[in-house]
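Order of the sequence lines fixes the chain letters, A, B, ..., with proteins taken first and strands second; residue numbering starts at 1 for each chain.
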2 protein chains.
Amino acid sequence: MQISSRFTIAVHVFTCIDVFKGDYKITSDFLASSVNVNPVVIRRIMQQLKTAGLIEVRRGTGGIEPTRPLDEITFFDIYKAVECVDNGELFHFHEDPNPQCPVGRNIHAALNGRLNEVQEVMENEMKRITLREVVCATKERISSEN
Amino acid sequence: MQISSRFTIAVHVFTCIDVFKGDYKITSDFLASSVNVNPVVIRRIMQQLKTAGLIEVRRGTGGIEPTRPLDEITFFDIYKAVECVDNGELFHFHEDPNPQCPVGRNIHAALNGRLNEVQEVMENEMKRITLREVVCATKERISSEN
DNA sequence: CATGCTGTAATGTCAATAATTACATCCGAT
DNA sequence: ATCGGATGTAATTATTGACATTACAGCATG
């Protein structure tokens, strides 16, 4: 399965906020039009980011702001905020191997460590990459458009 | 989203084949009972592994065999065989950012490289891990059960 | 207090996972 | 040659998550 587009949408939103702050009022409608999804989708993702402590949202008047500088927000932060797998496991282990089979009752313990290695490597890479890099790259591309 | 349990089931099956070959006839029913899923689920996964060239299946009489030694079959081989995302992308990019927005028309190019970095790191780790390691670990656990 | 925005529930569509039934097909053993 | 045990695969169903959309209550500020 693929990682939900909520992830790339969240990165897109952070980028918009940084690029357009000051020039435009950042509302869910404004963002929805840039991302090209329904405003409610934006608002729901914003709730997840807020719950994770990554942004603050002003009600009534509108407006969204990151709670920390962008080089302190990593892909992993966003991934965790937005990907709703309860136990946080990347791999879905078949629930119910037969305990009467020697393989069935040992495979979980024998395999789990390896699965975690893969997950850890991936998550560490996500912790290395910050929003700042993406925002900078986007701004460069914008200014070199002319 | 999580990686389908087809992955761990496939690893479980390979382990059963290696542990029980000679002592039992390896049929989809036999495997289904160890994994504790429906035999048809096993057969479908076996088809995917066969299509990927990882196993050979004997019709009529039954029987499954890996086409290569287990230390030449990696997690990545199995992952690719069993995880059916057409384009092979780990991240699902929102399809349709607004090209009239400077961010919308540049975010894909600015972000894609980073996403690929994450995917590559993960896939490289999966290429490092072979079935042999899991089968050995399982056998050790089985023999130390007494 | 009117306006514009957020928060969120309700509903619908679509795709993927997984279970299950059913049956055609294959092939070795008797 | 055929019987019995297996595989190959289609069809159906239930469940779940993604995502879209409508609707409306609640909030904050001019």
Side-chain angles (χ1 to χ4, degrees), chain A residues 1-10 12-13 17 24-33 35-52 55-65 79 81-98, chain B residues 1-10 12-13 17 24-33 35-51 55-65 79 81-87 89-98:
Chain A
M1 243 320 208
Q2 285 183 299
I3 291 169
S4 157
S5 64
R6 286 194 300 273
F7 179 81
T8 57
I9 292 175
H12 184 146
V13 164
I17 293 172
Y24 293 91
K25 191 157 132 189
I26 310 292
T27 67
S28 60
D29 270 52
F30 175 79
L31 295 167
S33 134
V35 177
N36 211 6
V37 295
N38 194 288
V40 176
V41 172
I42 299 288
R43 279 183 234 148
R44 252 197 302 255
I45 295 174
M46 293 308 97
Q47 280 317 297
Q48 296 183 289
L49 296 177
K50 188 179 130 191
T51 301
I55 59 170
E56 269 176 14
V57 185
R58 247 188 306 287
R59 281 195 79 163
T61 161
I64 305 174
E65 276 174 19
Y79 174 70
V82 136
E83 205 65 22
C84 34
V85 185
D86 18 336
N87 53 11
E89 297 287 327
L90 177 60
F91 291 87
H92 176 18
F93 217 110
H94 51 293
E95 321 267 320
D96 205 30
N98 187 345
Chain B
M1 243 317 209
Q2 284 183 299
I3 291 169
S4 156
S5 65
R6 285 194 302 273
F7 179 82
T8 58
I9 292 176
H12 184 146
V13 164
I17 293 172
Y24 293 92
K25 191 157 129 190
I26 311 291
T27 66
S28 60
D29 270 53
F30 175 79
L31 294 167
S33 133
V35 177
N36 213 4
V37 296
N38 195 286
V40 175
V41 172
I42 299 289
R43 278 182 235 147
R44 252 197 301 256
I45 295 174
M46 294 306 98
Q47 283 315 299
Q48 297 183 288
L49 296 176
K50 190 180 128 193
T51 301
I55 59 171
E56 268 176 15
V57 183
R58 248 189 307 286
R59 280 196 79 161
T61 163
I64 304 173
E65 275 173 19
Y79 173 70
V82 135
E83 205 65 23
C84 33
V85 185
D86 19 334
N87 54 9
E89 298 287 328
L90 177 59
F91 291 87
H92 177 18
F93 216 110
H94 52 294
E95 323 267 321
D96 206 28
N98 188 344

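- Between the CG atom in A/Leu49 and the CD1 atom in A/Ile9 there is a gap of 11.0 Å [rounded to 0.5 Å].
- Residues B/Glu83 and B/Ile3 have side chains in contact (heavy-atom distance under 4.5 Å, counting atoms from C-beta outward).
- Here C/dT6 presents its P atom at 8 Å from CG of A/Leu31, a figure rounded to the nearest Å.
- Judged as a salt bridge (Lys or Arg N to Asp or Glu O under 4.0 Å), and not counting sequence neighbours, the contacts of B/Glu65 are B/Arg58.
- Look at CD on B/Gln48: it is 11 Å from P on C/dA18, rounded to the nearest Å.
- In this structure, B/Phe7 places its CZ atom 19 Å from C1' of C/dA18, rounding to the nearest Å.
- Rounded to whole angstrom, the span from the CG atom of A/Asn36 across to the P atom of D/dC19 amounts to 14 Å.
- In this structure, the side-chain contact (heavy atoms from CB on, under 4.5 Å) partners of A/Gln47, at least two apart in sequence or on a different chain, are A/Lys50.
- Each of B/Val40, B/Asn38, B/Val13, B/Ile42 was evaluated against B/Ser28; a single residue qualifies, B/Ile42, per the side chain to side chain contact (heavy atoms under 4.5 Å, CB included) test.
- For B/Ser33, the side-chain contact (heavy atoms from CB on, under 4.5 Å) partners at least two apart in sequence or on another chain are A/Asn98.
- Computed from coordinates, the B/Asp96 CG to D/dC19 P distance equals 13 Å when rounded to whole Å.
- For A/Lys25 and D/dA28, the NZ to P distance is 15 Å, given to the nearest whole Å.
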Check nucleotides 14-17 of chain C for protein N or O atoms closer than 3.5 Å to its own N or O atoms and list the pairs.
residue, atom, partner, partner atom, Å
C/dT17, OP1, B/Arg6, NH2, 3.0

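- Separating the CD1 atom in B/Ile55 from the CD1 atom in B/Ile64 is a distance of 5.5 Å, to the nearest 0.5 Å.
- The CG-C1' distance, from A/Asn38 to C/dG12, rounds to 13 Å in whole Å.
- There is no side-chain donor-acceptor pair under 3.5 Å between B/His92 and A/Ser5.
- For B/Gln2 and C/dA18, the CD to C1' distance is 14 Å, given to the nearest whole Å.
- Applying the side-chain contact (heavy atoms from CB on, under 4.5 Å) test to A/Asn87 and every residue at least two apart in sequence or in another chain returns A/Val85, A/Glu89, B/Gln2.
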So which protein N/O to nucleotides 7-15 of chain D N/O distances come out below 3.5 Å?
residue, atom, partner, partner atom, Å
D/dT7, OP1, B/Ser28, N, 3.1
D/dT7, OP2, B/Ser28, N, 3.3
D/dT7, OP2, B/Ser28, OG, 2.6
D/dT7, O2, B/Arg59, NH2, 3.0
D/dG8, OP1, B/Gln47, NE2, 3.1
D/dG8, OP2, B/Gln47, NE2, 2.5
D/dG8, O5', B/Gln47, NE2, 3.4
D/dG8, N7, B/Arg43, NH1, 3.3
D/dG8, O6, B/Arg43, NH1, 2.9
D/dT9, O4, B/Arg43, NH1, 3.2

